[in-house]
Engineer: 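Below is one structure. I have some questions about it.
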Amino acid sequence: MYKVKVFVTLKESVIDPEGAAATKELKNSNFPEVENVRVGKYVELTIDKTDKNVEEAVHEMCKNLLVNTEVEDYRFEIEEAAAK
């Protein structure tokens with residue numbers, strides 16, 4: 001069994017209005033040291049062992065469903081997990 005952690009972020013060239021709002025609010029909330037906030041998402045998958053290449057399968061999942069590759073980048077970590 002595998003535990004996969006997928007981290008999705010907006011590409012640097014994409015405007016992040018949620019991040020801009022968070023930056024403004026943090027600066028107004030006595031955190032003037034905050035220069036910039038970028039907001040992303042985190043997806044966690046549990047995958048049974050398979051004959052498929054897990055890394056290739058996760059790339060396919062990200063490209064086909066989990067990530068909008070036009071405006072988002074992603075990276076992931078794969079860990080072996082104990083079966084429950």
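Since the model is a prediction, treat every value here as computed from it, not as a measurement.
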Engineer: Quick one: are Lys49 and Glu80 in side-chain contact, heavy atoms under 4.5 Å?
Structural biologist: yes
Engineer: Does Lys27 have more than 12 heavy atoms from other residues, nucleotides or ligands lying within 6.0 Å of its NZ?
Structural biologist: yes
Engineer: Rounded to the nearest 0.5 Å, what separates atom NZ in Lys3 from atom OG1 in Thr46?
Structural biologist: 7.0 Å
Engineer: Decide yes or no for Lys11 and Val71: does some side-chain heavy atom of the first lie under 4.5 Å from some side-chain heavy atom of the second?
Structural biologist: no
Engineer: Check for me, please, whether Leu10 and Leu66 land in the same ILVMFWY cluster - side-chain distances under 4.5 Å, paths through other members count.
Structural biologist: no
Engineer: Taking the six-membered ring where the residue is Trp, are the ring centres of Phe7 and Phe76 under 6.0 Å apart?
Structural biologist: no
Engineer: Tell me every residue that passes side chain to side chain donor-acceptor pair (under 3.5 Å) with Tyr74, counting only those two or more places apart in sequence or in another chain.
Structural biologist: His59
Engineer: Assess whether atom CG of Asn30 is packed by more than 12 heavy atoms of other residues, nucleotides or ligands within 6.0 Å.
Structural biologist: no
Engineer: Please answer whether the main-chain N or O of Glu79 pairs with a side-chain N or O of Lys5 as donor and acceptor at a distance below 3.5 Å.
Structural biologist: no
Engineer: Heavy-atom count check: over 12 atoms from other residues, nucleotides or ligands less than 6.0 Å from Tyr42 OH?
Structural biologist: yes
Engineer: Are there more than 12 heavy atoms of other residues, nucleotides or ligands under 6.0 Å from atom CD of Glu70?
Structural biologist: no
Engineer: Sequence neighbours excluded, which residues qualify as side chain to side chain contact (heavy atoms under 4.5 Å, CB included) partners of Val37?
Structural biologist: Ala22, Thr23, Leu26, Val34, Val39
Engineer: Without hydrogens or angle criteria, can the side chains of Asn68 and Glu72 be said to hold a donor-acceptor pair below 3.5 Å?
Structural biologist: no
Engineer: Does Met61 reach the side chain of Ile47, with side-chain heavy atoms less than 4.5 Å apart?
Structural biologist: yes
